[in-house]
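The block underneath contains the structure these notes are about, expressed in structure tokens.
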Amino acid sequence: MKFLSKRASALAALGLSASLVLTACGGDSEGGENGSADGDVSITMLPKNLGNPYFDTSTAGAEAAAEESGATLEEVGPQEASPDAQVQYINTAAQQGVGALIVSANDPTAICDALNEARDAGTKVVTFDSDTEADCRDLFINQATAEGIAKVQVDLIAEQIGGSGEIAILSASANATNQNAWIEMMETELEANHPDITLVDTVYGDDDDQTSFDKTAALLQSHPNLKGIVSPTTVGIAAAARYLSDSDKKGEVSLTGLGTPNQMREYVENGTVEAFALWNPEDLGYLAAMAANALATGEIEGNPGDTFEAGELGEYTVEDDNSVLLGEPFVYNADNIDDFDF
Amino acid sequence: MTLTATPRTYAEYSQPLWRRLAATRETAVIGLLVAVVLYATVNVPNFDGPLTLTYLLLDVTPILLIALPMTMVIVTGEIDLSVASVVGLSSVLVGVLHEGGFSIPAAAAVALVAGAACGALNGFLVAYVGLPSLAVTIGTLALYRGLAVGLLGTKAVTDFPDRWTDLATAKIGETGIPLVMVLVVVLAVAFAVLLHFTSFGRGVYDIGLNSEAARFTGVDVARTKLLLFMLAGLVSALAGVYYVLRFGSARGDNATGLELQVIAAVLLGGVSIFGGRGRLHGVLAGVLLIGVVASALRLEGITVNVINIIIGLLLVASVMSPSVLAWVSGKTARRNTRARGPHDASTDAALTEGKNP
């Protein structure tokens, strides 16, 4: 009796194992072709996390590039954007001996050891969007330079307010490194090329939707002659647009900065915002995959001065810090915003 | 009834030793582990590569560690859902203290004490206040995770001395087996002795089978539970220290969701969620089984969502299987009863019921 029930439990366990084996089998049919087949370059794309529209867009670009260059590309990634979860996927890529790994790092140092182990195993490492320490990757695909980001925002606001008048900046937090660097460059750029524009105030919304909303309201009250607001942060620009679109200043005060199409679509369509900037993640993914392929095939070493063809984007040169610059930031307006979903 | 019939009252001893060993849940899990490893070696590309063993063992080390005290907690019929949050809190403490000038051993010592204190709070509320462990530890799951994230915010401490981070991923000679496995083996042996070869361990099973009866036979139920929760906190904190050094990163969200994998592995390894049943070697095989399955699926390019679905299904299946088996054997028993007559029926029914409380 006792034995019978135990035998039943052993049988159940056997059933369990059969189902496990079957699940593994199911994966085999699709997994077989993207293993480390000789000749073909296999590329693994590891974004910060899966299910993120920004990275879905960059992966779509990478897939297009892989198809054009005859490489196979597989996207893997954790659900949460944490470095420890990313390490497992880097390890897996090392085990598979893939030709190249494209990573957007969740931490610049924490995934370094894992990346270097993968490189020791022969995998080329390309970072994009978010870089690691320079000694843990072969190339970094830089989406934009600080100068480029500062200049495009100044150019946009200058164009929108007609080249003269008062403007203000709605930034993230007072000690945000990126934003502060950009603001400093924007000030220089304004002084040099737009002497008729005066920057009257810089306020901080702390990358919090409600705070940014309130700061926008306060800006408009304390500066009745304000003609434009620049918000170099995606949270800030969306909150400011929400305030502006319901206020009587809509159409009078221009708003631009760094935003994402999905957040800004409504305000571009209703005329609150004419144009805003950001890089194009699809192009970024495309260029990353092209560079990964060029590294894996040995076409480039990743040394400064190396040049490679990146399909429809043209020729690129590796810069001194082993990085490749995507180009000028991309300007989104009513004409092109519907082409993007992130 | 003659003397020759007496062995039948102890069903455990009515079969030869090898048959008894071969037909246990633990043996089934070990067999399954071997089968999956063999299958993966043959069919999963790169599973037989030299890096697989190293990465697999590094990945399962925190689960292996926490599964040891978790087994004992679950054998008493309780559960600790807060372990992954203690891992997070301990890793944040190591990071913050190290940033504040503490050496790694000193920071780790503070983290271990904090972990034991976290466990003591769980244990006190469960054992002395008498609250259900499910409710207590789901509360402290949020509490400890909140403390961890609160201490460090969304930033991470990643500046740890290479000497220590290298130690966490060092291998034993040329074998590819991580050095940290020495720690795992030592702790596993210690826990196996504690659970299976001491009176304290017998008390743990007694509590799980019948807490009242255990009290009357002289087991200090409350103290035992308090100690077990403290052990769970302490070992989770140790896993947190390892986590920081292995990934070189102290973050508030370290090891989020790890409790699911630990509990899944423990139950898969044959520990009854109702308490009183389970053996450590089965649990160790359960942990390795989950590790191997996850590793093989990742090598197959299966996404994390599907892997989580499979681990979730394994968890449900391992909780359900004893109940289903009891139902099946109950049916068989009744069928046999009719064939064999009333005398055996009473014995068999009693045995079946006794086996699955």
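Reminder, nothing fancy here: chain letters follow the sequence lines and each chain counts from 1.
For B/Ala255, the part lying under 4.5 angstrom from a heavy atom of chain A is the backbone only. Within the 4.5 angstrom heavy-atom criterion, only side-chain atoms of B/Tyr243, from C-beta onward, approach chain A. For a residue to count as touching a neighbouring chain, one of its non-hydrogen atoms must lie under 4.5 Å from one of that chain's; by this rule B/Thr54 does not touch chain A. For B/Arg298, the parts sitting under 4.5 Å from any heavy atom of chain A are the backbone and the side chain alike. In this structure, no portion of B/Asp159 lies under 4.5 Å from any heavy atom of chain A. Of the two parts of A/Asn106, only the backbone, made up of N, CA, C and O, holds a non-hydrogen atom closer than 4.5 Å to a non-hydrogen atom of chain B. Residue A/Asn91 touches chain B through both its backbone and its side chain, counting heavy-atom pairs closer than 4.5 Å.
Between the side chains of A/Thr59 and A/Glu75, at least one donor-acceptor pair of N or O atoms lies under 3.5 Å. Side-chain contact of B/Asp48 with B/Thr41: a donor-acceptor pair under 3.5 Å is absent, judged by distance alone. Using modelled atom types, one finds a donor on one side chain and an acceptor on the other under 3.5 Å when comparing A/Gln95 with B/Thr52.
For the set B/Phe247, B/Phe47, B/Tyr55, the count of heavy-atom pairs under 4.5 angstrom toward chain A peaks at B/Tyr55. Each of A/Leu50, A/Val76, A/Asp107, A/Ile111 has some count of heavy-atom pairs under 4.5 Å with chain B, and the biggest count is that of A/Asp107. Ranked by non-hydrogen atom pairs under 4.5 Å with chain A, the options B/Thr158, B/Asn305, B/Leu51 are led by B/Thr158.
Among all heavy-atom pairs drawn from B/Ala250 and B/Leu152, the shortest one is O-CD2, 3.1 Å. Nearest approach of A/Asn322 to A/Arg137, heavy atoms of both residues: O-NH1, 3.1 Å.
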key: A/Tyr204/A/Leu170 under side chain to side chain contact (heavy atoms under 4.5 Å, CB included): CA gap, chis, key distance, verdict   = CA-CA 6 Å; A/Tyr204 300 96; A/Leu170 170 66; over 6 Å; no
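More than 12 heavy atoms of other residues, nucleotides or ligands shown are found within 6.0 angstrom of CD on A/Glu68.
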